Structure formats: C-alpha cells, structure tokens
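Here the structure is a predicted model, which is why all the values come from computation and not from measurement. As a basis for the values below, the full set of heavy atoms in this structure was taken, side chains included, without hydrogen atoms, waters or symmetry mates. As the structure lists them, so they are numbered: ligands from 1, and atoms in each ligand from 1.
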Amino acid sequence: MRKILIVGNWKMHLNASQASLLLHRLHERIKIHRDVEVVLAPSMLVLQPLSVQIDRRKFRLATQNAFHIDEGAYTGEVSFTMLRDLVHYAIIGHSERRHVFGEPLDLIRDKVAAAVRNEITPILCVGETKTEKVAGETEKVLHDQVVSGLSNMTAREVAKMVIAYEPVWAISSGSNYAHHEIATPEQVERVAKFIRHNIEELYGPKAAKMVRILYGGSSNAENAKAYLSTPGIDGLLPGGASLNYHEFSGMVRTAYRLQRERIEA
Ligand code: PEP
C-alpha cells in the first residue's frame with residue numbers, strides 16, 4: 001500500500017515567529033500515524049529554525065525550490081546540497097515557478113536530478129493552464145512535463161518519487177480563494193491514470209505501481225475526502241488551506257480515517 005502524503009505549501013507566507021506558531025498549533029492537533037506522512041514546505045528562511053522545533057515522528061520538511069548546481073558563484077541561490085540534511089522533499093516545477101518565474105522544462109529536469117543526487121525526494125508538479133485545457137492540450141502538456149522532468153532518472157528512482165497533478169486553473173492564488181474553477185474527482189482520476197500509464201510505458205509496471213501521485217488545486221478540509229478517495233490519488237498538496245491549522249489538520253485527520261478504513265478492509 002502506498003503511504004498517503006499531505007504536503008502543505010506555505011508559499012511566500014509567514015515569517016519565523018508566525019511559522020513557529022503555526023507549527024505549534026499543528027503539533028497540538030496532529031497525531032503520529034505510520035501510514036500517513038505529513039510534510040510542511042515553509043519558506044527557505046524558516047526551514048532551519050523549524051527543523052529544530054519539529055517533531056520528526058509527525059512531520060517532515062520540504063523546500064519549495066532550490067538551485068540545480070551544487071556550489072559556486074550564484075549570488076542569491078541556495079543549492080539542494082545545502083538543504084540535504086534539512087529536508088526530505090523538494091517541490092519542483094510548481095506552476096508558479098513555471099509561469100511566474102519562467103522556469104523551462106530543462107531547468108526543472110536539472111532540479112529533479114539535483115534533488116535526487118542530494119538524496120532529497122522530488123515532488124514534481126505538473127499541470128495544464130486554462131488555455132491549454134480549452135485547446136484540448138492537457139494530455140500533451142502533462143506528457144511533456146512528466147517525460148522531460150523524469151528524463152535523467154532510473155526506474156528505481158522514479159518509483160520513489162512523487163508527482164503532483166496541479167491544474168493551474170484550479171489553483172487558488174490567495175485573494176481569489178473562493179472564485180475559481182474546481183477540478184472534479186473524475187477529472188483528477190483520469191489524469192492520475194494517464195500519468196501512471198506514461199510512467200509504466202517509460203519505466204515499467206513496478207515504478208508505475210510505486211510512484212505516488214498527489215492532487216493539488218484548492219484542496220481543503222471539506223473536499224479532502226473526495227480527492228483522497230479518488231482512485232490513483234495518494235495524497236494532497238494544499239496551498240491556501242495549509243496556512244489554516246483547522247483546515248490542514250482536518251485534511252490530515254481525513255487521511256488517517258481513510259487509511260484506517262483501507263487497512264481494516
Ligand atoms: C498550490 O499552489 O500548490 C496549491 C495547490 O494552492 P491552493 O491549494 O491554494 O490552490
């Protein structure tokens with residue numbers, strides 16, 4: 001059975017004391033569970049202080065980004081090498097990195113490789129924009145993002161990785177939280193199947209069976225059950241909802257409940 005993974009992407013929110021307070025509140029509400037992994041992705045600035053405060057039996061840390069070269073004259077950058085003892089996971093290819101910062105496919109491929117080289121598990125985000133969806137290009141876009149993102153990887157490495165399907169049109173940008181399109185579980189199921197099929201063709205059935213696929217895009221405590229019950233989906237990557245401890249701990253509790261039901265079945 002694949003472990004459920006709930007990853008909170010705090011984006012560029014919360015200074016050190018705010019982040020510490022949120023972690024404290026989550027700690028009070030979240031229990032240890034063997035089959036559910038809870039990952040927090042705060043800003044780079046607070047990874048270090050949170051790593052000291054965190055209960056490692058409950059939480060793991062992820063970086064939201066890093067530089068693909070291990071060391072050198074790259075003013076302002078932080079490498080995966082510098083983060084290797086601090087984080088378990090790295091969010092790579094988030095739509096904001098792709099579209100706001102213009103990160104191209106080959107840079108994302110190099111970041112995936114750098115994370116793996118430094119023993120950090122990539123959470124490779126893929127997803128189509130609204131324009132691409134309307135033009136009927138969803139599968140082509142996802143195929144290109146998956147194939148290029150994983151192109152330097154072996155089947156063994158892919159098996160351990162995480163892919164997050166995040167349709168750009170379903171991601172809340174904070175201020176428009178209540179006013180955008182929501183992906184249906186049926187749409188998400190179709191895409192998860194398509195991604196797993198792509199991985200099977202490229203890396204074989206074992207990698208396809210083991211790779212975890214998350215959904216991200218306006219997920220919250222209310223819709224977590226529907227997405228987590230979607231065949232082929234192994235977890236969630238909330239942005240906005242991860243900043244609210246009621247919402248985020250509610251999502252984790254839903255994951256606990258579903259995992260317990262699966263074990264008992
Ligand atoms: C995200 O940015 O990864 C995300 C899914 O954001 P939100 O949950 O706010 O839509």
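- Under 4.0 angstrom from ligand 1, the non-hydrogen atoms of L237 come from both its backbone and its side chain.
- Note that R97 lies in the cation-pi zone of F101, set by a 6.0 Å cut-off to the ring centre and a 45° limit from the axis.
- To the nearest 0.5 angstrom, Q145 atom CD is 9.0 Å from I195 atom CD1.
- When heavy-atom distances to ligand 1 are checked against a 4.0 Å cut-off, I171 comes that close through both its backbone and its side chain.
- Note: an N/O pair closer than 3.5 Å links G240 and ligand 1 by distance alone.
- When the heavy atoms of S95, A164, S172 are ranked by distance to atom 10 (O) of ligand 1, first place goes to S172.
- Side chain to side chain, N118 and T81 meet the donor-acceptor criterion of an N or O pair below 3.5 Å.
- In this structure, a donor-acceptor pair under 3.5 Å is absent between the side chains of S218 and N220.
- Heavy-atom contacts of G217 reach the following atoms of ligand 1: 5 (C), 10 (O) (cutoff under 4.0 Å).
- Close approach to S218 involves these atoms of ligand 1, each under 4.0 Å from a residue heavy atom: 7 (P), 8 (O), 10 (O).
- Close contacts of ligand 1 with P238, meaning ligand atoms under 4.0 Å from a residue heavy atom, involve 8 (O).
- Between G239 and ligand 1, at least one N/O pair is under 3.5 Å apart.
- Heavy-atom neighbours of Q18 CD from other residues, nucleotides or ligands within 6.0 Å: above the threshold of 12.
- Residues Q64 and W10 have side chains that never bring a donor and an acceptor to within less than 3.5 angstrom of each other.
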